[in-house]
Amino acid sequence: MLDTKYVRENFEEVKRRLESRNGDFQYLDKYIEIDQERRNLIVKVEELKAQKNNASKLIGQFKREKKDISLLMKEMNLDSKKIKSFDERIMQIDDEIRNILLYTPNLPNENVPRGTSEDNNVEIRKFGKPVEYNFEPLPHWDLAEKFDLIDFERAGKITGSRFAVYKNIGAKLERALITFMLDIHTEQNKYQELLPPAIVNRDSMLGTGQLPKFEEDAFKLYNNENYFLVPTAEVPVTNYHRDEILNADNLPISYCAYSPCFRAEAGAAGRDTRGVIRQHQFNKVELVKLCKPEDSYKQLEILTKHAEKILQLLELPYRVIELCSGDLGFSSAKTYDIEVWLPSYDGYKEISSCSNFEDFQARRANIKFRRDPKGKPEFVHTLNGSGLAIGRTWAAIIENYQQVDGSIVIPKVLRPYMGGLEIIK
RNA sequence: GGAGGAAUACCCAAGCCCGGCUGAAGGGAUCGGUCUUGAAAACCGACAGGGCGUGAAAGCGCCGCAAGGGUUCGAAUCCCUUUUCCUCCGCCA
C-alpha cells in the first residue's frame with residue numbers, strides 16, 4: 001500500500017511513476033478529491049465530539065451537585081445526530097480510499113529501466129555457458145518418462161492437468177533439492193528456517209499483495225472463504241511478523257522456508273503445457289528478509305546472490321535480468337529475475353524472482369520497527385526471492401546433465417543427498 | 001462438534017453485579033536519581049502505546065480496556081456479533 005501522505009503531497013510524481021507500469025491511473029484524481037473531503041469532515045466532527053465530551057462531563061458533575069441538566073441534554077441530542085452522520089460519511093470515504101489504495105500497485109524505483117514489456121528488461125550478468133550438444137537433447141518430460149521419474153498421466157487421473165506424481169529417483173531428487181537448498185541457506189547464508197502452514201487467511205494474502213486484486217490466481221478453500229492455499233511461502237513468512245513492532249537490533253531478519261505452492265494459473269492456458277515448468281502445485285524454497293529502509297537495496301543484492309549461489313553450486317548456466325517498470329509485479333519496487341538455461345526451451349527460463357517491496361507490504365501487513373527505545377515506529381522494508389523453485393531446478397538438472405549415452409549425471413553437490421547416487425541410467 | 005470459563009497498558013492484576021471525580025488502582029519489570037569504594041537492598045521519581053487530524057513549531061483535539069456493532073447526554077462497566085485462549089466431553093492422525 002502506498003503512503004497516503006506521500007500520495008497527497010507528491011501527486012504528480014506518484015502518477016508519473018505508476019504510469020511507467022503501463023496502467024491507467026486516472027482514478028487517483030478521485031482519491032485526491034475524497035481525501036480532501038475526508039480531512040474537512042474530520043475537523044468538523046472532532047470539534048463536535050470535543051464539545052460533546054465536555055458537556056457529558058458537565059452533566060455528570062451537575063448530577064452529583066443536583067443541578068438541572070435538561071438544557072444540556074437537549075443540545076447533546078442534536079450534536080449526536082450530526083456526529084453520527086459525519087462519521088458515517090467518513091467511514092464511507094475511508095472504505096473508498098482503502099479500496100483505491102489496495103488496488104494500486106507499488107511505485108517502481110526511480111532507477112528501474114522504463115519499459116512496456118519484458119523486451120525492455122535488462123540483462124545484468126551471466127554465469128556458465130549452455131552446453132553444446134552433439135546430439136539432440138531430450139526435454140525433461142521425455143527423460144522423466146524414460147527413467148520413470150514422473151507420472152503425469154496418473155496425476156491427471158487422480159487430480160487433473162498440471163499436476164505430477166514424482167516417482168523413484170525423481171521423487172528422491174525433488175526431496176534432495178529441498179534439503180540441499182535449505183541447508184545452504186541456513187548453514188552458509190545464515191537464514192533462519194521456517195516451515196509454515198500451506199493454508200493462509202485472507203489478511204495474510206492482503207498483507208503481501210496477492211489480494212484483493214489477484215483473487216482469481218489463488219486457490220480458495222471451498223468450505224472456508226477465509227482460507228487460501230499458499231501461492232508461495234512469501235505469504236506466511238512475511239506475515240509471520242504482521243502487526244508487530246520489531247526491535248531494530250534484530251534487523252535485518254532473514255528467513256528461508258520450504259512450502260508447496262499452489263497457483264490457479266488463470267491466464268496461462270496453453271502455455272508450458274508439457275513437463276513440470278508450470279504446475280498448479282509445485283515446491284519452492286523461499287528467502288524472505290525484513291530490514292531497515294536504508295538497507296533494503298543492499299539486501300536485495302545479497303539475497304539475489306544467495307539465490308544464484310544455488311545455481312552455481314549445481315553448475316547450471318543462468319543469467320540475471322532486471323525487470324523494467326512495465327514488467328514489475330504488483331507489490332515490487334525493483335525485481336531481479338534469475339533465469340536458468342533449459343535446453344528444451346532453447347533459452348533461459350525464470351527460476352527465481354528477487355524483489356524489494358520497500359515499505360509496500362510492510363504498510364499493508366503493518367510491520368514496523370523502532371530505531372531507538374523512545375523513537376516512533378517506522379515501517380520496515382520487505383524483500384523476498386525464490387531460492388529456488390524446486391520443480392524448475394529439477395527440470396534444469398535433468399536436461400542439462402544428460403549425456404551422449406542417454407544417462408543423466410547427478411550434480412556432485414547433490415550426491416550426498418541422493419545416497420551417493422552418481423548417475424541415472 | 002457439545003458444555004462451561006476467560007481476554008484490561010511491557011508482564012501480573014483491580015475495576016464490571018450497582019454506567020459519570022477511572023483518559024483505568026496496586027504490584028513487577030524497565031529507565032533516571034539518592035545512598036554506596038562498587039554492587040545489592042532500601043528510598044525518591046518517570047513509565048500507554050499506537051493511529052488520525054490540525055499547526056512552522058511547541059502544542060491542541062479525536063479514537064483507544066480482544067475486534068466490530070448497539071443502547072445512553074455519557075460505556076472497561078449494559079446488550080448483540082465475531083475472534084482467540086483455557087477446562088471438560090466427543091471424534092481423530
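Quick note on labels: first sequence line is chain A, next is B, and so on, each numbered from 1. Just so it is clear, the values below take in all heavy atoms, side chains as well, and ignore hydrogens, waters and symmetry mates.
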Whole Å only: how far is the [atom1] atom of [X] from the [atom2] atom of [N]?
| X | N | atom1 | atom2 | answer |
| --- | --- | --- | --- | --- |
| A:L41 | B:C62 | CG | P | 18 Å |
| A:D35 | B:C52 | CG | C1' | 12 Å |
| A:I90 | B:C63 | CD1 | P | 12 Å |
| A:I83 | B:G74 | CD1 | C1' | 12 Å |
| A:D243 | B:U83 | CG | C1' | 14 Å |
| A:K376 | B:G50 | NZ | C1' | 7 Å |
| A:E9 | B:G55 | CD | P | 12 Å |
| A:E88 | B:G69 | CD | P | 11 Å |

Any-strand Watson-Crick or G-U partner of [N], both distances under 3.5 Å:
| N | value |
| --- | --- |
| B:A42 | B:U34 |
| B:C85 | B:G5 |
| B:C91 | none |
| B:C62 | B:G51 |
| B:U72 | none |
| B:C10 | B:G28 |

Cation-pi between A:K368 and A:F379: NZ/CZ under 6.0 Å from ring centre and within 45° of the ring axis? yes
Would you check if the distance from the ring center of A:F330 to the ring center of A:F214 is below 6.0 Å? yes
May I ask you to check whether A:Y191 and A:H306 place their ring centres under 6.0 Å from each other? yes
Using the [atom1] atoms only, state how far [M] lies from [N], rounded to an integer number of Å.
| N | M | atom1 | value |
| --- | --- | --- | --- |
| B:A67 | B:A7 | P | 13 Å |
| B:G28 | B:C44 | P | 11 Å |
| B:A25 | B:A39 | C1' | 33 Å |
| B:A66 | B:G5 | C1' | 16 Å |
| B:A14 | B:G27 | C1' | 11 Å |
| B:U77 | B:C18 | C1' | 10 Å |
| B:C65 | B:A24 | P | 13 Å |
| B:G26 | B:U82 | P | 38 Å |

Choose from [options] the nucleotide whose nearest atom is closest to any side-chain atom of [X].
| X | options | answer |
| --- | --- | --- |
| A:K84 | B:G70, B:G53, B:G20 | B:G70 |
| A:M91 | B:G70, B:G69, B:C62 | B:G69 |
| A:S56 | B:G74, B:U54, B:C52 | B:G74 |
| A:K52 | B:G53, B:C73, B:C62 | B:C73 |

Using 30° and 60° as the class boundaries, would you call the ring planes of A:Y255 and A:Y240 parallel, tilted or perpendicular? perpendicular
Look up atom CG in A:D87 and atom CD1 in A:I42, then write down how far apart they are to the nearest 0.5 Å. 9.5 Å
Reported CD1-to-OG1 distance for the pair A:I310 and A:T393, which is rounded to 0.5 angstrom: 8.5 Å
Of the options A:N356, A:L323, A:I124, A:N121, which is the one that meets A:Y336 in a side-chain contact (heavy atoms from CB on, under 4.5 Å)?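 Output: one option passes, namely A:I124.
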Whether [X] contacts [N] is assessed here as follows: a side-chain N or O lying under 4.0 Å from the phosphate OP1 or OP2. Is that the case?
| X | N | result |
| --- | --- | --- |
| A:R370 | B:G49 | no |
| A:N54 | B:C73 | no |
| A:R39 | B:U54 | yes |
| A:N53 | B:C62 | yes |
| A:R38 | B:G53 | yes |

So that I can tick it off, tell me whether A:E13 and A:R17 are bridged by a salt bridge, with the cut-off set at under 4.0 angstrom between side-chain N and carboxylate O. yes
Presence of donor-acceptor pair under 3.5 Å, side chain of A:K57 and base of B:G23: yes
RNA chain B: A:V45 or A:K368, which has the more 5' nearest nucleotide?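 Checking each residue's closest nucleotide, the 5'-ward one belongs to A:K368.
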Start at the 5' end of RNA chain B and walk down; is the nucleotide closest to A:I245 or to A:R8 reached first?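 In this pair, the answer is A:I245.
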Mind checking A:K44 for me? I need base, sugar-phosphate or nothing, with any heavy atom below 4.0 Å counting as a touch.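 No contact.
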Going by the glycosidic torsion and a 90 degree boundary from 0, is the base of B:G64 oriented syn or anti? syn
